[in-house]
Every structure is written in structure tokens, then in C-alpha cells.
Amino acid sequence: MQNAEIARLLSDVADLLEISAGNPFKVRAYRNAARTVADHPDPIAELVSGGEFDITELPGIGGGIAKEITALVETGTLPQRQQLVATLPPGLLDLLRISGLGPKRVKLFHEQLKVNSVADLKDALEKGLIAKLPGFGPKLLEKIREGVADTATTAQKRMVLHEAEQYARAIVEYLKAGGGAAIDEIDVAGSFRRRKETIGDLDIVVTCAPAKAATVIQRFGKFSEVTQVAAQGDTRATVRLSSGLQVDLRVVEPPCFGAAMQYFTGSQAHNIELRKIAQAKKLKLNEYGVFRGSTCISGRTEQDVYAALGLDWIPPEMRENRGEIALAKAHELPQLVTLQEIRGDLQMHTDASDGKATLAEMIEAARKLGYAYIAITDHSPRTSMAGQTPEEIRAQWKAIDTLNKGLRGFRVLKSVEMDILESGKLDLPDDLLAEADYVVATIHYGLKQTERQLTDRLLGAIENRWVDAIGHPTGRIVPERPSYPLDFDVVAKAAANAKCLLEINGSERMDLPDTLAAAAKAHGVRFVLSTDAHNTRELGFMKFAVAVARRAWLTAADILNTRPLPEFLKGLRRSRNR
Ligand code: DGT
Ligand code: CA
Ligand code: CA
Ligand code: ZN
């Protein structure tokens, strides 16, 4: 069981307690525990079942909740949640999953209107009962209607790549561990391998000796989180996990591994084009190989398959039929940026604002990743509660100066994530910004403004010569929050002209999205990749920023933080101010 799922069940308890007017301290305790579990770098379930780790040592996890989590790991159910679900209408949990609805609103519906299920809510919306509740204006009603419409497709709900990554790793490790069902090769195909920001299901391809296939399939169905074996054949199986995620497994013979990986990686549109090329060459392409007549001429590796069609091997992130096949034919595919090429992380938070780790802890963790530099970008005053005053920022920078003296081959950049205020003004004065090594400007408030207003706010920030980068430029968060309204082309052109970087943020924001990053590149924008880590584990999100960059066909030359420190600093627009 993955941390994300344990966290989800714990926060269900918090929500259900809140709805049933339970003890507010208990509500808060469960909510804190959920956050601790979600943020923890290691799989909590393994720590618990390993036995030698006391989870009450984790912040926010007391004896009671520790017992609950232990029971969950051992039995698959959280006793407290079971008890609440048994006493409350079960449909409340479905209501809580609707975007725009949290425990406060669900409680209100439950108490005032006896709305206890999605069906009840639909009914109440139609009868205009929700509109009569205080605080439910037309915009909010529209949002709730959209959320309700989404639940119709809940069964096919897509999972964020970040979360899918945990499941993929767990299943691959499980199958590799093998027992009597020894496998040779294993890899994850599908949209997961193409690194799409959300995935519909996981597609796993395995090779083994033909005689072992049945045992491998059997073992797959016994993975601890499987709640349903939806289909099981001689060489394939489909299961559903308790999180709702569907996983497809294909077992093929070793000579077909490349062909199977190619086929099941897709995309479907890419594969259709490949089959046309095969047909033109009087060849046949399928999941078993490339065939001339009934003779298999390739299939062992993907390279072989593409080569048989006269193509260079195409990176999975490009396989969307957006022109990559013509490039592969002309041997002109770009050298996509790799994680190893990233030399620094340019957005992260410490406990001086809303991060969980100290400055020293973030530095140590970043050094372990092999970086040459990082920027510490705690928030500016507008970010209420978390933001630092100019005095605090200067004090932090002084501490960084001192730390840097003791660091070899590594530099901490004095930085700030500065809010672009609702008025369009910047949250910090120029004299302070001028003292920074690097400044990233972002919008966190006033997201409901018009496209004109929001675009102008970004343009205003881009005009300031001390703003080196615009962070998470569209404000979207995958999958639940779309971009704020924005004339992105205008912003990208202005950024390119001003030599202001646009950030690709590798947190669950995945912002810029791949398509907009590609559009920005066409305008001549240079980029910076960052994680926006709020704890040391999240520094690992760089791979998701790289995934977006690769799907946008970016190369190292497009991304400033692939450069060594002196070049990075020289490439910042502020270097021309001195
Ligand atoms: P997803 O799971 O919705 O995020 O997207 P994919 O691309 O992983 O789609 P999925 O899981 O339905 O299938 C995985 C790949 O297998 C897909 O990209 C192409 C290939 N594939 C599966 N079924 C078919 C099919 O009926 N025809 C063709 N041409 N390809 C297929
Ligand atoms: Ca899939
Ligand atoms: Ca599939
Ligand atoms: Zn931010």
C-alpha cells in the first residue's frame, strides 16, 4: 500500500469526523497524520510491517493513529474509517471526492438538505436548493455541476504521473522478486512510459520462459493491493488495485520484447503511422515483431523494430504523432534533455516559509543528488503566514553567505519566490531584488481575474529587470486545477524578448504543461527546470520536470540550468544589469 493511499484513507477519517461533528482535535490529528504520511520519503507500509521502526516517532503520529495505520497495513482496512462509514451514509465519501467540495460543504448539504449521495446532490442542484444556501453563487454552482458531471466517468479517472510512479515501482519490484516465477525482463509501457502527466492505466510487459508464463500471471494476481482480477489469460492479465488503478500485464517471449514494448508504449496514433510505413514496405508490424510474410525480421529490441522500418529509435516521450516520425526518418531527432544534464534546482522552500526541512537539510539533500547549485526560494510577504518579510529575507541571505563560505563545488543562490500581487505590483522592492542572485516571480492570488488582468500581471513582472524567471506560469495543478485565463503567446513572446526564463515546475503542478512549453520554445523562450520541493523527498520531482521538457522536445540548450554555475549566472538577465 502506497503512502498516497494511506494518506487518503486518513484524511477520509478527518473529513467524516468533521461532517459528523466529531472532536475537532481528533479531526486535526488525522489531517496532520495524513500530511506526514503523504510527505514521507519511504513507504510507511513497509516500515510498519518491517517491525523495527516506531512510526510514533514521525511528527503528528501518536499512539492511537499508529495503531490504526498498523491495522490498515495488516488487514487492508482502517478501523476508524470502517466505523465511520458504517454509521454515516456511504455516499458522503463520493461527495467528498467531487472537486469543489470539501468536508464543510458536504456537512452543510448533509445537515441542511439531507443530501447524502451524488444522486441526492444532482437532485438538489436541479431543484435549485443548493443555490438557496448562503455563499453558493453562480460560479461555485457551475463548478459543482462540473464536478458532478465528472463523477460519471469516475471509473476511468486518470492518475497523476507522480502517484502512478509509486505503484509502478512497487509492482515492478514485486514481480522482479519473483519467487518461483522468475522473469527475465520487465518494463512499464503505455502513457506511463511516454510520461504523460496523467495515466489511464499501467501497462507492464514482462519476458520469461514460456513454461513460466502461467506462474507469473498467477503471482501478478496475488499482488497485495489487488482487489479484483478483471481478466486472466495465458499471456495476459488485468487487475484493479484498491486505489482504483488498473494494471495490465503482458507476458511475451524474449525475442518479442522490443516489439511488445513498442506496441504497448503507443501512442495509438504513433503506432498507426508506423503500421502504414510497414505496409508501404510490404512488412507487417504487431506486438510480436516486424514480419516479412511469416518470417519475423526483428522484435528483440525497440531499436531493431524502428530500424526495420528505416527509422531512428524515437524516445517514448515523443511518440504522439506530432512529426517525430518524419524526423526519425531523416535522422534529425533532437537530443532531448536528460535528468543527468540538470545541474541545479531553482525552486525550493525551507521551514523559513512553508517547507518542512531546514536550510541545512535541503542543501545536504540537494548535494546528494549531485547538483552544483540550488536556489532557496522561500515566499515573499503576500503568501500569508508563510511569507518572509524583507528583513527576514535579508537575514536568510546573510546565513546563506556564511554557509557558502564553507561549501566546496556547491553554491546556494540567494533567491526568493516573489508574489505578483493582485494589483499587478510586485511584492518586494527593486533594491531588495537587486541583492538576490536569482528571483522567480509567481502568481498565487487573484486567480479569478480576467485574462487581460492576469496576462498583464505576468507582463508587468517580465518587465522588471530583476525578475529572472516566471514560476509555474499558468497556475494549473494536475489534475484538478486548470490554468488561470491567460494569453500565453503574448507572455511567451515578452519573456523571450526580455530574456526572462519560464519555469517548468516538476511538482504536481507540472507547469508549464508540455504543449505550452513547446509553444514557448517556438517563440525563442529559454527555460529553467525546478521541483518546488517543500521537503527533501520532493527534490526527486526533477524527473517530472524533465519529463515535461522532453515531451516538449526541449534540449539542454533550451534549459539554462543545464549550464555550469558561471554560465548559468551569466545567462540570467540580471547579469546585464551589472
Ligand atoms: P492511458 O492508459 O489512457 O493513459 O493511455 P495508453 O496510451 O497507455 O493507452 P492504453 O493503456 O489503452 O494502451 C497502451 C498502448 O497499447 C497504446 O498506447 C497503444 C497500444 N494499444 C493498445 N490497444 C491497442 C489497439 O487496439 N490498437 C492499437 N493500434 N494500439 C493499441
Ligand atoms: Ca495505459
Ligand atoms: Ca492498458
Ligand atoms: Zn509557488
Side-chain angles (χ1 to χ4, degrees), residues 155-161 163-165 167-168 171 187-206 220 230-231 233 236-241 244-250 260-261 263-271 287 316 319-320 345-350 352-355 375-388 415-421 427 439-447 458 461 467 469-477 481 484 502-512 528 530-534 538 541 545:
Q156 303 105 17
K157 225 174 111 198
R158 301 179 65 82
M159 183 180 271
V160 187
L161 184 60
E163 197 180 344
E165 186 89 23
Y167 289 96
I171 297 167
D187 209 345
V188 186
S191 52
F192 180 86
R193 183 161 178 246
R194 303 200 310 280
R195 312 261 74 193
K196 279 191 69 164
E197 61 203 31
T198 62
I199 62 137
D201 69 358
L202 281 177
D203 303 279
I204 298 180
V205 180
V206 155
F220 176 61
R236 56 182 298 169
T238 296
V239 300
R240 195 168 283 282
L241 306 184
L245 180 67
Q246 179 183 301
V247 188
D248 287 344
L249 177 74
R250 267 90 175 183
M261 281 304 293
Y263 182 90
F264 293 113
T265 295
S267 66
Q268 192 148 340
H270 175 89
N271 286 359
E287 63 264 53
R319 300 183 194 172
E320 300 290 351
D345 188 339
L346 278 300
Q347 185 175 171
M348 66 184 68
H349 299 269
T350 72
S353 64
D354 55 354
I376 298 292
T377 56
D378 281 314
H379 289 285
S380 66
R382 176 63 183 92
T383 309
S384 31
M385 303 197 301
Q388 294 196 103
S415 185
V416 58
E417 178 180 9
M418 173 182 58
D419 257 272
I420 303 166
L421 302 177
D427 202 15
V439 170
V440 53
T442 55
I443 290 182
H444 293 111
Y445 298 94
L447 307 181
L458 288 185
V467 170
I470 299 293
H472 45 76
T474 78
R476 69 102 173 239
I477 298 176
R481 191 206 284 168
Y484 38 68
L502 293 187
E503 178 187 70
I504 295 176
N505 184 303
S507 72
E508 289 187 9
R509 291 176 175 275
M510 298 278 253
D511 184 12
L512 291 175
V528 61
S530 76
T531 63
D532 205 348
H534 283 69
E538 290 175 0
F541 287 173

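In listed order, ligands and their atoms are each counted from 1. The figures here come from the full heavy-atom set of this structure, side chains too, leaving out hydrogens, waters and symmetry mates.
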- cation_pi(Arg194, Phe192) dist<6.0 Å, angle<=45: no
- Query: Will you find, in the side chains of Asp427 and Ser380, an N or O donor that is under 3.5 Å from an N or O acceptor?
  - Reply: yes
- Among Val239, Leu241, Val188, whose side-chain contact (heavy atoms from CB on, under 4.5 Å) with Ile171 holds? Leu241
- Atoms listed for the Ca ion (ligand 2) (protein only, N, O or S, under 3.0 Å, no waters) are Asp201 O, Asp201 OD1, Asp203 OD2
- Message: If we ignore hydrogens and angles and just use 3.5 Å, is the side chain of Asn271 paired with the main-chain N or O of Tyr263 as donor and acceptor?
- Response: yes
- Query: Looking only at atom types and distance, does a side-chain atom of Ser353 sit under 3.5 Å from a main-chain N or O of Gly387, one as donor and one as acceptor?
  - Reply: no
- Item | Non-hydrogen side-chain atoms of Glu503 and Asp532 separated by less than 4.5 Å | no
- Item | Within-2.8 Å protein N/O/S contacts of the Zn ion (ligand 4) | Glu417 OE2, His444 NE2, His472 NE2
- Message: Does this structure show an ion pair linking Arg236 with Asp248, if we count only N-O contacts that are shorter than 4.0 Å?
- Response: no
- In sequence, state the C-alpha distance, the side-chain angles, and the governing distance for His379 and Asp354, and then conclude on side chain to side chain contact (heavy atoms under 4.5 Å, CB included). CA-CA 8 Å; His379 289 285; Asp354 55 354; 3.2 Å; yes
- Query: Is the closest basic N to carboxylate O distance between Arg382 and Glu417 below 4.0 Å?
  - Reply: no
